[in-house]
Amino acid sequence: MAALTSASGVVALLDEQEPQLKVYALQQLNTLVNQFWAEISDSVAKIEILYEDATFPDIELAALVASKVYYYLGELDDSLTFALGAAKRFDLSEKSEYVETIISQCIDKYILLRQQASDGMAEDIDPRLQDIVERMFQRCAQDEEYEQAIGIALESRRLDVVKAMVEKGDSAKLLPYVLEVSMTLVQQLEFRNQVLQLLVELYQNLQEPDYISISQCLVHLNDSPAAAKLLKELIEKNEELMAYQIAFDLEEIATQDFLSKVASNLPVQEDVNDPFKKIASILSGEESIRLYLEFLYRNNHTDLMILKNTKGALESRNSIYHSALTFANAFMHAGTTSDEFLRQNLEWLSRATNWTKFSATAALGVIHKGQLSQSMNLLAPYLPQEGAQGGSEYSEGGSLYALGLINANHGQDVLSFLKKALKDTDKEVIQHGAGLGLGVAGMATDSEDIYNELKTVLFSDSAVAGESAGLAMGLVKLGTASEEAVEEMLQYAHETQHEKIIRGLAVGISLIMYGREEQADVLIDQLLDDKDPVLRYGGIYTIAMAYSGTGNNKAIRRLLHVAVSDVNDDVRRAAVTSLGFILLKNPKQVPRIVQLLAESYNPHVRYGATLALGISCAGTGYLDALDLLEPMTKDPVDFVRQGALISQAMILIQQTENTNPKVAGVRKLYAKIIGDKHEDPMSKFGAVLAQGIIDAGGRNVTISLVSRSGHANMPAIVGMAVFTQFWYWHPLTHMLSLSFTPTAIIGLNKNLQTPRFEFVSNAKPSLFAYPPALKPPSATVVEKVATAVLSTTAKAKARAKKSEKDKSGDQMDVDKEPEEPTKTNEEEDTAKEEQRRKANKKKKEENYDILENLARVVPAQLKRVTFKDDSRYVPIKKGTVSGIVLMEDRRPNEEEELIEPSAPTSADGQDNASEEEAAPFEPFEYPFEDN
């Protein structure tokens, strides 16, 4: 049978009088439309008339043919309208491009209408559209495409479908998927909370309830009574280990306010061994801080040679270099309690004056971070004393800031002291330090008392004290979205003349809106429309804080618009930097988004691009980001080079030369820039800071803005946001220490002690090993460069030599045997080489590594960690484990071997600690000091 070359004959049948002929024509056209649609389109009006004719026997077929014609014409809206009219004739199971496209059009329209309905812009949804979507859900269920159905249901806000799909499919696998998608895909906060409520219910209905996931949902719902109830139920069921594990997880991701409310809902117990007493100590942060302190103290691998070389290369009289080295040392020793470098360089330290001295004293807070019980003793030599005269106000202010940093996010014990210090002084430097200390220690406590004290300082209109007060007010009210606070702060920002105060308030306001998403939109609009560029800058940070980690498209579009349109460089720089906060959980998208911005003519935009890469890709070692930063380390503008160097360090923290090819080159680049006398101070500052970041916490911490459970890590994000303000005020650099997360596996038994056990890392030991320490310069004397010898001098020397030889006669031959020693050296070298070769042959590297409890395990290594089948201790958490993990003891009747604490905070080890660690140095007492 010859192939058809035209559909004109079939189209002609549409003009016939008999309805049966028209139906036949439509049946034929339905099969021919994909081939002859251009020809049929001329008669589409006739098909539409048949569809509208109520007496026509097959209206649905007419609609289907019309829909297909419009599809091929590219008129998708018309095509969808007729597809809806086709009803059951539109076959969802047909595997064709037309059906797939129309279904996706249906779903998009349905999602849009559902979202408008839930936002109050009610519009009735066409029942035919509803029918197609319902049939689509049924098809997904039949084909077991549950994830696809759940994705559509979440976007169209159909909780009933989400629940039905989870119950039909494998609940244990689908629930984590729903949790992940709801945190990334669902952009409306109110609906997300409804999803989380549903998840709590579904997790509880599992055969083995997933208590850890339930607790995470409760944190996001800010439901502290339910979290307390969950802990009580677990204790009643004798599942203490799980209760402790949840308490540790809550402590890691929840605010101080949330944790104190959970603790207040638990029974108060005096017995130290009571489970509720233990949970209270975990929630207070006491236990995790003690354990991480022990880990950082034991595994400190700081290479002091790097600091020594850097100090030797920099002119210490220059305050910017002094500050840079202070910060680098603080970062390298963050949380390790080791002030060895400072004690070795007291003379260098004593050169600090004014604000450099403030930063140097505050650095003690970073080094001793977490020594909650010892913080007052450690800082006693520097803290303001009642009635004492003659102390340096910069030292005293710095020590109050240090006190806040030691107690960061766990400040119950020191808040009253800091509040009193703030109230009792009229010196603005001390007020500045006390304000920053209160902000960091009282983060997210929502304390009206502290807020009012800070407000009093703010209203004194002192530029230096007011800046820290504005910032601290935001930290205390972190994430509360307090309208009263925002109004007061905004009003004062408009009244004051001091730019420093306005900036402190602008950043403070952004922190109040942390995690509030669309609830912050009205404030964002108001700030971005302000004529004051500093408040517009605050508006940008409000977007960053409100939408951090959400990947919200609207927020990204807004930032990109400001990045290229605002007239102020600071605002544009902030807009590009803020992209890093929004895309925390999608780091791979960031290089693509900022690629063009990184080549902008405006250096501030380029600088923003460097920080956006550093913030979003921190700790990932992501090569695309590093490739983008590499040319920026050679940028013609010094501060762009600074940003690129700092961001490289953030990305490469805890990467080794074996896991990332860029590490060796980047470390050499830092040393080269620091040693280059012609390099700008700003670039050198960046390189020194970068050296501190890449080796932070004795090489045992990473920068983790996303918590282990995959949710935004609030203290870390806030620390990073305030750190980026170092552009204006160097002491805020210390805030980066809030982003440092120790990378350890710390196993605990039911008594919260650390038993001795081993686990396996299925990788060569060298792959994740600590970087080798720098070799000290060899003691050999440097050879002198040969000096030019004049011909007359050479002749004179030759004559003198000849006469000497004549005098000595033949004795020289007897006494000297010059050949022998060189020969011996050669033989020795050969023998040594042979020995080395033999040793290397013996030491063939294993493909695994046996690690002990309290070992460093870097993030890339976690998925390779396994516990042996015959291991006495196994984690109660399923899947990949990291951080503090409760271990089930399979042989409880055997005696346990415990790891004894050695960090200086242990109660019993206090005496021996004072021998090991010298008392805090006394660097700043100089009689000729100039304030």
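Everything numeric in this text was worked out from a predicted model, so none of it was measured. Residues take their numbers from the sequence shown, with the count starting at 1. The analysis underlying the following values was restricted to heavy atoms, covering all of them including side chains, and did not include hydrogens, waters or symmetry mates.
In summary, the side chains of Gln861 and Ser761 do present a donor paired with an acceptor at a separation below 3.5 Å, with no hydrogens or angles considered. Side-chain contact check for Ser323 and Thr326: no donor-acceptor pair (N or O, by modelled atom type) lies under 3.5 Å. Between the side chains of Thr866 and Asn762, at least one donor N or O lies within less than 3.5 Å of an accepting N or O. Counting only N and O atoms by type, the side chains of Tyr873 and Glu896 include a donor and acceptor under 3.5 Å apart.
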request  = Go through the steps for Tyr607 and Asp635 under the test side-chain hydrogen bond (donor to acceptor under 3.5 Å, both in side chains), then give the verdict.
outcome  = CA-CA 10 Å; Tyr607 179 90; Asp635 196 275; over 6 Å; no
request  = Applying side-chain hydrogen bond (donor to acceptor under 3.5 Å, both in side chains), run through Thr302 and Asn300 and close with a yes or a no.
outcome  = CA-CA 6 Å; Thr302 306; Asn300 183 5; 2.7 Å; yes
message = Walk me through whether Leu611 and Val576 qualify under side-chain contact (heavy atoms from CB on, under 4.5 Å).
response = CA-CA 8 Å; Leu611 281 193; Val576 187; over 6 Å; no
query = Gln595 and Glu599: side-chain hydrogen bond (donor to acceptor under 3.5 Å, both in side chains), yes or no, with the steps?
reply = CA-CA 7 Å; Gln595 190 167 10; Glu599 293 163 13; 4.9 Å; no
key: side-chain hydrogen bond (donor to acceptor under 3.5 Å, both in side chains) between Ser288 and Glu252, worked out   = CA-CA 9 Å; Ser288 54; Glu252 188 184 9; over 6 Å; no
request  = Run the numbers on Gln753 and Leu748 for side-chain contact (heavy atoms from CB on, under 4.5 Å), then give the verdict.
outcome  = CA-CA 5 Å; Gln753 297 163 312; Leu748 300 183; over 6 Å; no
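With sequence neighbours excluded, no residue satisfies salt bridge (Lys or Arg N to Asp or Glu O under 4.0 Å) with Asp638. In this view, Arg756 and Glu852, Glu897 satisfy the salt bridge (Lys or Arg N to Asp or Glu O under 4.0 Å) rule, not counting sequence neighbours.
For Gln642 against Gly686, the heavy-atom pair with the smallest separation is CG-CA, 3.5 Å. Nearest heavy atoms, Pro859 versus Thr743: CD-CG2, 3.8 Å. What you find for Ser704 and Thr741 is that their closest heavy atoms are CB-OG1, 3.3 Å. The minimum heavy-atom distance linking Arg699 with Pro771 is given by the pair NH1-O, 3.2 Å. A pairwise comparison of heavy atoms in Arg864 and Ala763 identifies NH1-CB, 3.5 Å as the closest pair. Across Val881 and Phe867, no two heavy atoms sit closer than the pair CG2-CE1, 4.0 Å.
For residues 644-672, the salt bridge (charged side-chain N to carboxylate O under 4.0 Å, His left out) pairs, not counting sequence neighbours, are Asp627-Lys662, Glu630-Lys662, Arg667-Asp695.
Contact annotation: the side chain of Val219 never approaches that of Asp249 to less than 4.5 Å [non-hydrogen atoms, C-beta and beyond]. When side chains are defined from C-beta on, Leu738 does not count as touching Phe723, because their heavy atoms never get closer than 4.5 Å. Val605 has its side chain out of reach of Arg573: every pair of non-hydrogen atoms, C-beta onward, lies at least 4.5 Å apart. Considering only heavy atoms from C-beta on, Lys868 comes within 4.5 Å of Val760 through its side chain. The shortest distance between side-chain heavy atoms of Asn749 and Met887 does not fall below 4.5 Å. Counting heavy atoms from C-beta on, the side chains of Val594 and Leu613 come closer than 4.5 Å. The shortest side-chain heavy-atom distance between Gln655 and Val663 falls under the 4.5 Å cut-off. Under the 4.5 Å side-chain criterion, counting only non-hydrogen atoms from C-beta, Tyr292 is in contact with Ile884.
Crowding of Leu596 atom CG: a count of heavy atoms from other residues, nucleotides or ligands under 6.0 Å not exceeding 12. The neighbour count for Lys308 NZ, taken as heavy atoms of other residues, nucleotides or ligands under 6.0 Å away, does not exceed 12. Heavy atoms of other residues, nucleotides or ligands lying less than 6.0 angstrom from CD of Glu758 number more than 12.
In summary, of the residues considered (Thr337, Leu405, Thr336, Leu293), a side chain to side chain contact (heavy atoms under 4.5 Å, CB included) with His368 occurs for Thr337 alone. No option in Asn329, Ile674, Leu325, Ile306 other than Leu325 meets the side chain to side chain contact (heavy atoms under 4.5 Å, CB included) test with Lys311. Only one option out of Val688, Leu652, Ile703 pairs with Ile693 in a side chain to side chain contact (heavy atoms under 4.5 Å, CB included); it is Ile703.
For His734 and Phe327, the ring centers sit closer than 6.0 Å to each other. Aromatic pair His730/Phe685: centroids less than 6.0 angstrom apart.
Classification of Lys684 and Asp676 as a salt-bridged pair fails, no side-chain N sitting under 4.0 Å from a carboxylate O. The residues Lys764 and Asp849 are annotated as not salt-bridged, no charged nitrogen and carboxylate oxygen being separated by less than 4.0 angstrom. With respect to the salt-bridge test (charged N to carboxylate O, under 4.0 angstrom), the residues Glu287 and Arg290 qualify.
The cationic group of Arg856 lies under 6.0 Å from the six-membered ring centre of Tyr770 and within 45° of the ring axis, placing it in a cation-pi geometry.
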